[in-house]
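Have a look at the structure below, then the notes.
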Amino acid sequence: MSGAAEPSPEGEAEGRRLVLDIGGTKIAAGVCTPGQPSVRHRATRPTRPRRGGAAVVETALELAREVARKAGGPLAGVAAASAGVIDRATGTVVSATDLMPGWAGTALGPALAEALGVPAFVLNDVHAHALGEMRFGAGAGLRNALVAAVGTGIGGAIVAEGKVLFGPRNLAGHVGHVGHRLGEGFACSCGRDGHIEPVASGTGVVRLYRSRGGSPDVNDGAELRRLADRGDVEAQRAFSDAGAALGEALGSLANCLDPEAIVLSGSLSGVGEYWWAPLRAGYRRQAMDPVRGVPLVRGTLGGDAPLLGALAYAAEFQEEECTR
Ligand SMILES: [Zn+2]
């Protein structure tokens, strides 16, 4: 580190950053130091997304200021992982699903930079999640992986040669929006029909269960999971078919991407063997011989993954800017 009065770009890149993860359910914040796999001064608030984009930003800024105060001392910047497709150049939310009404168009990066007086970096939450797992979690030491986050929806990220593949429209990695026959006749959150997400996500598996005459009293994946854990055959069959379909989709993707590992996270990755075993079998049915043995592993960082990934992105991006 150089002197405090005029920190060098390298010094800033090594410095602590405020990190945020803005999702449909909650907003998490903390402080991270590059190279250290820990989040300090962690705090969370409910997102309550129905209030609209401006109110969600206000809550995020309040939380950010609170954490910055608690942490004390200078911050080199702020790095945020957010739901939605993110224009990383401007830090703006390009589009978001119905889970966060009014989130599209939010100038999140500029709002954070102005509120905290430091440079702000913003990227998609699943891209950040993948970077976190690759640097510090289940993918540590690997350079090529496919990451799938299977929760309310299905997000994903492709890590190739150590870098997240963003794509020119920041769309790359939308694992949930590949076609699968099980999804035929089910409307997807993206407006298309026949994608894997509406039958294999946490909400999708419930939809699948109900479409087969399952109890209408089951409202979410957690309730369905309790039924399945108690041995309910129809609930287990929904998880098993959803897992198998997702496994087949991942096998097809592995044929295209040649990953060293496939990392699964999100609430469904915590479900038992009645999901994992069909998932692995489905994968092997579609995967070509060279990728058939690729391990399907569970993410290890949980809610810290997007925070640590956002930090890694900001630090690496800033270094890249400096060496250009
Ligand atoms: Zn879709």
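Keep in mind that this is a model prediction, so the values were computed, not measured. Numbers here simply count residues along the sequence, with the first being 1. Remember, it's 1-based here, ligands and their atoms both numbered in the order they're listed.
The backbone N or O of Ser269 lies less than 3.5 Å from a partner atom in the side chain of Arg298, making a donor-acceptor pair. A donor-acceptor pair is defined here as one N or O able to donate and one able to accept, closer than 3.5 Å; such a pair exists between the side chain of Tyr209 and the backbone of Ser215. Of the possible polar contacts, none joining the Glu248 side chain to the Gln286 backbone as a donor-acceptor pair under 3.5 Å is found.
Residue-level check: among N/O/S atoms of His195, ND1 sits closest to the Zn ion (ligand 1). No other N/O/S atom of His177 lies as close to the Zn ion (ligand 1) as ND1 does.
Salt bridge status for Arg45 with Glu62: present, with a side-chain N to carboxylate O gap under 4.0 Å.
Because the distance cut-off is set at 2.8 Å, Cys190 qualifies as a neighbour of the Zn ion (ligand 1) through one of its N, O or S atoms.
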